[in-house]
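In what follows, a single structure is set out as structure tokens and then discussed.
First the proteins, then the strands, lettered A, B, ... as listed; each starts at 1. Everything numeric here is computed off the predicted structure, so don't read it as measured data.
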There are 4 protein chains.
Amino acid sequence: MSYNTFGQLFRVTTWGESHGPAIGCVVDGCPPRLALTEADIQPFLDKRKPGQSAFTTQRKEPDQVRILSGVFEGQTTGTPISLMIENTDQRSRDYGDIARTYRPGHADLTYDLKYGIRDYRGGGRSSARETACRVAAGAVARKILGKGVRIRAALVQLGPHDIDRTRWDWEEVNRNPFFCPDAGVVAEWEEYLAGIRKAGSSIGAVIEVVAEGVPAGLGAPVYGKLDSDLAAALMSINAVKGVEIGDGFASASLTGQENADPLYIRDGKLTFGANHAGGILGGISSGQPIVARFAVKPTSSMLTPVPSITTDGKETEVITKGRHDPCVGIRAVPVGEAMMACVLADHLMRHRAQMG
Amino acid sequence: MSYNTFGQLFRVTTWGESHGPAIGCVVDGCPPRLALTEADIQPFLDKRKPGQSAFTTQRKEPDQVRILSGVFEGQTTGTPISLMIENTDQRSRDYGDIARTYRPGHADLTYDLKYGIRDYRGGGRSSARETACRVAAGAVARKILGKGVRIRAALVQLGPHDIDRTRWDWEEVNRNPFFCPDAGVVAEWEEYLAGIRKAGSSIGAVIEVVAEGVPAGLGAPVYGKLDSDLAAALMSINAVKGVEIGDGFASASLTGQENADPLYIRDGKLTFGANHAGGILGGISSGQPIVARFAVKPTSSMLTPVPSITTDGKETEVITKGRHDPCVGIRAVPVGEAMMACVLADHLMRHRAQMG
Amino acid sequence: MSYNTFGQLFRVTTWGESHGPAIGCVVDGCPPRLALTEADIQPFLDKRKPGQSAFTTQRKEPDQVRILSGVFEGQTTGTPISLMIENTDQRSRDYGDIARTYRPGHADLTYDLKYGIRDYRGGGRSSARETACRVAAGAVARKILGKGVRIRAALVQLGPHDIDRTRWDWEEVNRNPFFCPDAGVVAEWEEYLAGIRKAGSSIGAVIEVVAEGVPAGLGAPVYGKLDSDLAAALMSINAVKGVEIGDGFASASLTGQENADPLYIRDGKLTFGANHAGGILGGISSGQPIVARFAVKPTSSMLTPVPSITTDGKETEVITKGRHDPCVGIRAVPVGEAMMACVLADHLMRHRAQMG
Amino acid sequence: MSYNTFGQLFRVTTWGESHGPAIGCVVDGCPPRLALTEADIQPFLDKRKPGQSAFTTQRKEPDQVRILSGVFEGQTTGTPISLMIENTDQRSRDYGDIARTYRPGHADLTYDLKYGIRDYRGGGRSSARETACRVAAGAVARKILGKGVRIRAALVQLGPHDIDRTRWDWEEVNRNPFFCPDAGVVAEWEEYLAGIRKAGSSIGAVIEVVAEGVPAGLGAPVYGKLDSDLAAALMSINAVKGVEIGDGFASASLTGQENADPLYIRDGKLTFGANHAGGILGGISSGQPIVARFAVKPTSSMLTPVPSITTDGKETEVITKGRHDPCVGIRAVPVGEAMMACVLADHLMRHRAQMG
């Protein structure tokens with residue numbers, strides 16, 4: 001991971017600002033002869049697309065992806081795949097507020113501290129709009145992993161509200177506006193989030209990503225560990241403040257006995273008695289499902305005023321009007337899936353390199 | 001991060017197995033003309049060294065570091081610094097158990113699944129003994145950061161037991177066997193951990209690392225974010241299952257108002273009203289203290305039997321006798337500091353590169 | 001250098017095929033607050049553009065570059081700069097010949113051997129059209145180097161014909177269709193190359209690139225040597241078969257005395273008595289002009305038939321009709337300059353990183 | 001290639017100075033379960049070892065390699081292989097001359113210009129002694145390539161003296177002190193080089209490296225080309241000033257017809273009519289032998305005085321007494337082989353990664 005490139009062998013370089021003419025990415029290192037068209041990528045972008053429900057920003061972006069290179073007659077050629085998404089809803093407006101005031105919790109301040117310049121329109125490069133490129137790249141990564149690997153994510157916590165994991169239903173995830181796997185909490189969550197939105201507030205969330213069918217052996221000690229790369233990938237998503245694998249922070253409270261994943265032979269096959277480890281041991285996949293979770297902080301943009309300063313050093317207050325998600329965690333769900341896919345594709349290729 | 005190299009410009013490549021003749025690392029990219037001798041590195045190794053209290057493994061290793069290159073007449077030359085630590089206490093013993101049985105929770109199984117071979121003696125490459133090299137490299141990283149940057153870590157949770165943060169005292173950290181900043185819990189923790197050890201059990205922990213004096217502007221969007229690299233660095237430490245920055249997972253439950261870090265001008269200077277963000281906004285340091293926490297799972301090696309399998313696929317039970325830490329989290333404290341130092345040194349150099 | 005990315009800190013990722021909708025590149029790591037518009041890049045593209053004289057391909061491409069990101073109000077922002085050039089002259093034609101036959105000397109065969117698929121239209125990814133992106137990136141690199149560094153290249157050998165170096169005139173380079181610095185040979189070269197072209201043949205060339213004003217100290221031992229990276233950069237240009245620094249291959253015939261660059265103090269300053277070394281000692285720039293040369297093989301596409309095979313393994317003969325350069329070396333002149341600029345910008349940033 | 005690490009997947013990090021306690025390297029990424037002992041490496045080191053004939057330096061170094069990690073019970077484990085060679089003949093002497101005077105043609109000056117400090121003893125890090133580590137790593141690389149790939153090098157030009165290529169005999173290479181493949185010139189070369197040495201002079205050379213049995217498909221467009229990486233690898237060897245592939249610079253004088261490598265089907269197999277390309281087309285191996293040549297400048301250390309300056313800026317003259325090779329090109333022969341092996345192993349792994 002370096003500047004704007006992610007991955008070592010499956011390499012994704014993203015570019016573009018929220019309100020420039022377009023955003024895009026170059027996916028390099030992709031194996032040849034994989035069937036790939038825009039139709040393989042678009043459904044994932046549609047999942048992340050704004051304006052899907054009352055609980056996501058009302059900015060209207062078709063997020064139509066275009067393949068500019070690397071595919072010939074419907075197949076990848078092994079050369080770099082250039083993907084581009086035009087920005088169509090660059091609403092003509094006055095950006096004076098953002099231009100002259102630092103929005104607390106946003107990157108406005110630190111971009112200025114670092115670069116001494118920033119494209120303030122819609123947050124510029126720091127906008128979560130960049131994650132559309134991740135989702136597009138993730139669709140390519142899935143092609144490399146093949147149908148045997150299934151990657152799904154769900155919102156498992158909305159603010160203080162948990163789900164009941166015994167009611168987990170993957171089918172439910174695509175039926176509600178939260179990507180929530182527990183039908184039993186949806187009505188309550190709708191009411192809760194509507195209240196948050198009406199109050200001009202926002203709220204955090206936790207997303208869980210599960211990858212099933214991942215072959216054992218992916219990941220490389222000691223600085224190319226699968227969990228280390230997953231942590232970097234998920235932490236690099238906008239507004240993410242925490243990442244955990246398997247039992248994560250809960251394992252700090254467990255004894256060795258409680259945390260143990262016993263091994264058995266069942267039907268002649270290696271079988272695990274539990275998956276506290278989240279499918280990774282010593283940085284290498286064990287063949288169990290890979291389980292990762294990440295915490296997303298509440299949207300910093302709110303109608304509630306927050307004390308702040310202007311670019312020329314005067315105190316002020318910031319109220320963010322406009323089209324914002326009351327819970328950015330929701331749209332982070334497909335992004336989490338995409339990052340998992342990219343990391344696994346990269347590690348699959350690294351594994352093949354060393355193992356022949 | 002790639003295989004056994006960590007960092008992009010401040011690059012650390014570690015090598016060595018638990019019971020080979022030595023372990024070591026090559027620190028590449030270090031600026032020239034920094035004063036450096038073994039005496040600058042040794043105190044950090046001594047902090048991590050086994051056998052310091054009843055609560056860490058009784059293996060006796062002096063962990064004496066030797067500088068083999070890159071330093072001339074007491075100063076770095078800008079060429080690679082080779083550091084070596086001999087393994088002296090490679091106790092002559094029968095490794096038949098580890099050789100033929102997979103210890104649940106350890107990397108034995110996944111190393112075999114991946115490589116089809118492993119140096120089973122003391123865990124080989126997957127042993128936490130590798131972290132001595134990280135600590136040595138971290139001492140070099142501190143030289144780059146200079147005295148203005150202060151990096152300290154502490155154990156803030158031992159199993160289910162939290163500290164009282166209002167009693168936080170950095171001086172206390174070096175006075176008790178837990179690196180605990182709260183004198184008020186030490187007696188209780190001693191009794192608790194003694195009980196765990198006597199029961200042949202083990203327990204997890206949470207470590208907090210704080211870096212003060214870090215200049216604003218370190219970190220680069222969007223895949224070279226400071227928090228993303230910190231997450232990778234901390235997650236790569238043995239037995240770590242979770243990483244968080246600032247409020248971390250707690251921020252998922254917060255509203256935007258609760259999570260806001262207001263900005264003020266105080267005495268003509270930019271001043272923050274809070275540090276929920278942990279010193280990083282948009283992946284870039286803000287000038288506030290960098291705050292990271294990581295969760296360490298309980299030691300997998302216990303006297304309690306756990307169902308497992310042999311390398312030839314037969315069911316068995318594993319009891320790990322021998323010299324083990326009941327809480328590996330304790331000795332992870334100086335390792336966490338070292339990883340923070342390495343990441344910051346790397347990002348300081350990356351920042352200088354782009355900013356001139 | 002990895003797949004389609006060049007450079008470590010000044011990183012250029014190129015994409016696109018000869019006859020796809022567009023080609024482009026992402027320039028990452030560029031320092032902020034450099035003045036940059038399309039007008040800074042276009043002149044360099046115009047120099048490389050086809051159809052400039054009778055001696056380059058008659059394909060008509062305006063090669064109009066567009067900046068899609070990374071620049072705000074005329075200044076770089078430190079975020080990735082996406083550059084795109086549309087392919088306008090994708091002449092509708094029958095590619096059956098290239099599709100079914102391997103052109104000797106081209107990459108058709110090896111792409112198929114490696115990938116099992118290739119975009120055969122105009123050579124696809126292996127087309128020298130990719131070098132337009134290098135030239136565009138080179139223009140950005142020059143901004144980083146600043147006006148104090150002057151990079152120029154010239155054709156110093158056309159087939160068997162050398163120049164007279166005593167007549168070297170940089171002004172002359174832009175006055176003739178060869179980028180030749182010796183006005184005395186231009187008439188002869190025109191006649192010679194016209195003959196080559198009429199005969200349906202082609203010819204090789206040697207280009208010399210000179211960078212003046214390069215500060216001392218760029219380059220890093222032992223695998224980040226400036227000459228090592230220059231060699232990689234120049235050898236990666238299409239059809240290049242040799243690279244040399246300073247006296248290059250000629251130095252193999254010299255004695256130590258003949259090859260010595262004595263050092264003097266003149267006017268209180270370090271002064272070199274000669275520059276056999278080409279401005280690089282031990283992989284590090286000495287402050288003298290950096291001098292590199294590279295050899296370009298004759299265009300493989302000719303009207304003369306060459307025995308070859310079809311994709312299904314039958315013998316045939318290949319005659320390449322169409323729009324080709326009789327000497328591809330000519331248009332490689334601005335490409336050589338661009339690669340020198342990219343390498344120097346990258347090393348300048350690497351130097352700053354380590355030196356602070 | 002970055003600082004002191006070479007390669008992307010087969011990664012070699014070298015360390016050490018000429019007169020420090022030891023030199024060494026870490027070979028990372030090596031596949032597991034390859035048979036490897038010191039005895040596999042030592043023969044290659046012995047070929048490069050000083051003091052083998054009257055024509056190489058009389059420094060006495062056993063260059064005994066020791067494997068410190070990454071090998072278990074005679075097999076590689078997939079973890080980093082640490083190799084160390086102690087410096088035994090650090091002759092106690094007065095280094096005042098080198099310490100206070102810049103030797104023209106050496107890196108003394110540029111190291112000081114860059115780093116402001118240098119380990120002047122024997123040239124420190126810039127000494128060709130570092131190449132022993134390359135040779136050791138090359139021996140590991142050969143294990144990855146397997147017996148089907150044969151890499152050999154020879155001295156094909158000694159100063160102004162060429163060989164007669166029709167008399168090329170690989171067996172002869174190991175029978176004379178020049179690694180010369182033409183028995184017919186050996187006597188003459190011995191007399192010539194003895195004269196050079198007696199005159200206190202030195203001379204350059206050209207080395208040719210040939211790799212046979214390399215599978216087609218290695219190398220990746222456009223910045224990971226096999227020839228681009230070979231150029232970087234060979235140019236990074238001390239004193240190398242030029243690199244060429246196949247016909248190299250000679251191809252600049254050829255017409256397309258003269259340079260063509262026709263393709264045939266012979267015995268049902270793809271067959272080339274010539275190998276002007278040196279086994280690489282479009283940056284990808286074609287299955288033909290890979291042929292590379294590199295030029296080594298004359299040893300800068302001579303008994304003949306050369307004008308120079310002192311570190312405090314006074315004019316002086318340098319005469320280098322002591323143990324030096326009159327032609328450093330000779331000992332570069334095994335180094336060239338090693339770099340070819342490392343590049344091919346790296347590209348084999350990169351190929352496997354993408355092709356599965």
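At least one side-chain heavy atom of Q354(B) sits under 4.5 Å from a side-chain heavy atom of K114(A). Between S308(B) and Y264(A) there is no side-chain heavy-atom pair separated by less than 4.5 Å. Within the 4.5 Å cutoff, no side-chain heavy atoms of E244(A) are placed close to those of K241(B). The shortest side-chain heavy-atom distance between R134(B) and V222(A) falls under the 4.5 Å cut-off.
Looking only at heavy-atom pairs under 4.5 Å with chain B, the residue among G329(A), G313(A), A260(A), S126(A) that has the most is G313(A). Of the listed residues M302(A), M355(A), H106(A), the one with more heavy-atom pairs under 4.5 angstrom with chain B than any other is M302(A). The most heavy-atom pairs under 4.5 Å with chain A, out of L113(B), I280(B), V243(B), N259(B), come from V243(B). No other option in P104(B), G273(B), A205(B) has as many heavy-atom pairs under 4.5 Å with chain A as A205(B). The candidate with the highest count of non-hydrogen atom pairs below 4.5 Å against chain A, out of P326(B), P307(B), G116(B), P262(B), is P307(B). Interface summary for chain B: among G278(A), G219(A), A199(A), the most heavy-atom pairs under 4.5 angstrom belong to G219(A). Comparing G217(A), A252(A), A277(A) by how many heavy-atom pairs each has under 4.5 Å with chain B, the most go to A252(A). Of the listed residues (M235(B), E317(B), Q157(B), R125(B)), the one with the most heavy-atom contacts under 4.5 Å to chain A is M235(B). Per-residue counts of heavy-atom pairs under 4.5 Å with chain A were compared for G282(B), G246(B), C327(B), G242(B); the largest is that of G242(B). Ranked by non-hydrogen atom pairs under 4.5 Å with chain B, the options L254(A), L109(A), D261(A) are led by L254(A). Interface check for chain B: of the options A216(A), A220(A), S201(A), the most heavy-atom pairs under 4.5 Å are formed by S201(A). Ranking P221(B), G248(B), P215(B), G283(B) against chain A, the residue ahead of the rest is P221(B), based on heavy-atom pairs under 4.5 Å.
Rounding to the nearest 0.5 Å places CG of L281(A) at 8.0 Å from OG of S300(B). The distance from atom OG1 of T316(A) to atom CG of L263(B), rounded to the nearest 0.5 Å, is 10.5 Å. Between the CD1 atom in I237(A) and the NZ atom in K225(B) there is a gap of 8.5 Å [rounded to 0.5 Å]. Within the model, atoms OG of S236(A) and CG of D229(B) stand 9.5 Å from one another, a figure rounded to the nearest 0.5 Å.
For chain A, the nearby part of F294(B) is the backbone; its heavy atoms alone come within less than 4.5 Å. At a 4.5 Å heavy-atom cutoff, the contact between D227(B) and chain A is made by backbone and side-chain atoms alike. Only the side chain of V306(B) has a heavy atom closer than 4.5 Å to any heavy atom of chain A. In this structure, no portion of L230(B) lies under 4.5 Å from any heavy atom of chain A. With a 4.5 angstrom heavy-atom cutoff, T13(B) does not touch chain A via any of its atoms. For I309(A), the parts lying near chain B are the backbone and the side chain together; criterion is any non-hydrogen pair under 4.5 Å. Neither the backbone nor the side chain of H161(A) comes within contact range of chain B; no heavy atoms are under 4.5 Å apart.
Heavy-atom minimum distance, P298(B) versus G256(A): CB-N, 3.5 Å. When all heavy atoms of A232(B) and S228(A) are compared, the pair lying nearest together is O-OG, 2.8 Å.
Using modelled atom types, one finds no donor on one side chain facing an acceptor on the other under 3.5 Å when comparing Q8(A) with Y3(B). With hydrogens and angles left out, the side-chain atoms of Q257(A) and S202(B) include no donor and acceptor closer than 3.5 Å.
A salt bridge links E315(B) to R266(A): at least one charged side-chain nitrogen sits closer than 4.0 Å to a carboxylate oxygen.
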Go through Y223(A) and T5(B) one step at a time and tell me if the side-chain contact (heavy atoms from CB on, under 4.5 Å) criterion holds.
CA-CA 6 Å; Y223(A) 299 112; T5(B) 297; 5.7 Å; no
